[in-house]
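A quick write-up on the structure given underneath.
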Protein chains: 2
Amino acid sequence: MGDSRKAVMGRPRGFDIDQALERAMRVFWARGYEGASLAELTGAMGITKTSMYAAFGNKEQLFCKALQRYGAGPAAYATRALEEPTARAVALAFLRGAVCTTTPPDGPSGCLTVQGALAASDESRAVHDLLVDWRNDAGVRLEERFRRAVDEGDLPRSADPRRLARFVMTMGFGIAVQAANGLGPAELDEIVDTALLGWPA
Amino acid sequence: MGDSRKAVMGRPRGFDIDQALERAMRVFWARGYEGASLAELTGAMGITKTSMYAAFGNKEQLFCKALQRYGAGPAAYATRALEEPTARAVALAFLRGAVCTTTPPDGPSGCLTVQGALAASDESRAVHDLLVDWRNDAGVRLEERFRRAVDEGDLPRSADPRRLARFVMTMGFGIAVQAANGLGPAELDEIVDTALLGWPA
DNA sequence: TTGGTTCAGTACCGATCGGTGCAGAACGGT
DNA sequence: ACCGTTCTGCACCGATCGGTACTGAACCAA
């Protein structure tokens, strides 16, 4: 009843919906939410506006789907990093992952969640808020991981997990801006090393 | 000949051009370049589109003027910080200034040069490039200051001025994103302290 | 073959985008 | 008083914005 085994009725879709979403994600990544026009999006997706609306609903929902795909794909490093054995290794993996994702050889520089809608006009406030939550969630997960590290004795009792998480997130955001500004992975990795010099023993 | 003593001929301007520019700057600050529409800009400036075009040329030149005002006003901390006696004091003043400017009690959160146009569509590439240069210039000035610090023995010979400058800039950009994300000055100051824990002796 | 259902393409919607043409108002110089 | 100059306000420009109505085309079940 209403599950996903909907019988394939009617005319079949004439394009690969996954590939279309991937391409839309890259356009949003490069242009931001407001900067990506329907014309450019559908052009890159290789479909017409009508097909896009039928498949995704509207521009906002398309962005939402693209954001989910971003989280599961290019930004998966943020989740993987949490599995590192020590807090320092988590921070290092997180930031190295950020560098890697924001400086891809074949894609747009920077981070979709930062380029997406840092500043936005009123009509796209929904997307703006969505991205604020997304970015905050990443920080909260880091904070919880660091809190566990304190419990496990991996971090000294004097360490403040929330503060450390915010610091790492700040570096991640900064890396995204620097990548958009033209810095390459080698230079950004140097910055990561510098940032972790003061990491609590 | 052709100097600034142009005789005040014709109908006098009916508004304060400085105040209008200030208000335009705040709109760009909050909305970004593309997100700020002519209607919202002129509405905040209290003038009509015609007056705006007569006084500033077009939207791009208005943004350019607003950016100059931003550099001389809210972002003047970046230049003032260079005058601090030690490299560490420079970095601290720079980042504290960034926190202060990106979390004003009466203005938009974040940094105009970051919100302005991280991602942009083709037509506003000129503004995008302008901001890239602006951000890079700030880094170069920090780098030169840190190089001087090495020469003066203020920083150890092993320190890499460019790397330190890039690290501080990265933190500054990250602070701007965190401010736009809702963090307040107290929390951001904590982050600054954390960032400087590893500063070379 | 027929009907129900879904997708694709064209042509179009009202609204808004950045930007202007034009007439008149407000000034200094003569 | 009159002129040249500059600023203002209104109406308007073509282009583009996100989004849709409508006509067929392409499929399945009966």
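Model, not experiment: these values are computed from the prediction. Proteins come first, then strands; the chains are lettered A, B, ... in the order of their sequence lines, and each starts at number 1.
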Whole-Å distance between [N] [atom2] and [X] [atom1]?
X: A/Leu38; N: C/dA11; atom1: CG; atom2: P; value: 18 Å
X: B/Met45; N: C/dG18; atom1: CE; atom2: P; value: 13 Å
X: B/Leu62; N: C/dG19; atom1: CG; atom2: C1'; value: 14 Å
X: A/Leu41; N: D/dC17; atom1: CG; atom2: P; value: 10 Å
X: B/Glu123; N: C/dT16; atom1: CD; atom2: C1'; value: 14 Å
X: A/Lys59; N: D/dT20; atom1: NZ; atom2: P; value: 14 Å
X: A/Asn58; N: D/dT20; atom1: CG; atom2: P; value: 8 Å
X: B/Phe63; N: C/dG19; atom1: CZ; atom2: P; value: 14 Å

Check whether NZ of the Lys or CZ of the Arg [X] lies under 6.0 Å from the centre of the six-membered ring of [Y] and within 45 degrees of that ring's axis.
X: A/Arg13; Y: A/Phe15; answer: yes
X: A/Lys59; Y: A/Tyr33; answer: yes
X: A/Lys65; Y: A/Tyr70; answer: no

Fill in: Candidates C/dG19, D/dA26, C/dA25 - which lies nearest the side chain of A/Arg11
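Output: D/dA26.
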Worksheet item: Picking from D/dG19, C/dG19, D/dC17, which would you name as closest to the side chain of B/Tyr53?
Response: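 The closest nucleotide is C/dG19.
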Item to complete: Might you point out which heavy atoms bring A/Met171 and A/Ala195 nearest each other, and give the distance in Å?
Response: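 It is CE-CB, 3.6 Å.
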Discussion item. Looking at every non-hydrogen atom in both residues, tell me the closest pair between B/Leu155 and B/Pro200 and how far apart they are.
Written reply: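 Looks like CD2-CG, 4.0 Å.
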Worksheet item: When only distance counts, do a donor and an acceptor, one from the side chain of A/Thr48 and one from the base of C/dT10, lie under 3.5 Å apart?
Response: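 For A/Thr48, whose side chain was compared with the base of C/dT10, there is no donor-acceptor pair (under 3.5 Å).
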Fill in: Quiz item: B/Lys49 side-chain donor-acceptor pair to C/dG19 base, under 3.5 Å
yes
Practice prompt. Could you check which residues of residues 22-37 of chain A get a heavy atom under 4.0 Å from DNA chain C? Sort them by number, please.
Written response: none
Worksheet entry | salt_bridge(A/Asp18, A/Arg69) N-O dist < 4.0 Å | yes
Discussion item. Judged by each residue's nearest nucleotide on DNA chain D, which is more toward the 5′ side, B/Gly10 or B/Ile47?
Written reply: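 The residue mapped nearer the 5' terminus is B/Gly10.
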Worksheet item: For D/dC7, does either OP1 or OP2 sit under 4.0 Å from a side-chain N or O belonging to B/Arg13?
Response: yes
Worksheet item: Between B/Ser51 and D/dT8, does any side-chain N or O lie under 4.0 Å from OP1 or OP2?
Response: yes
Item to complete: Step through the shown structure and confirm whether more than 12 heavy atoms of other residues, nucleotides or ligands are within 6.0 Å of CZ on A/Arg163.
Response: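 Atom CZ in A/Arg163 is packed in, count exceeds 12.
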Practice prompt. Between B/Gly57 and A/Pro12, name the one whose nearest nucleotide on DNA chain C is closer to the 5' end.
Written response: A/Pro12
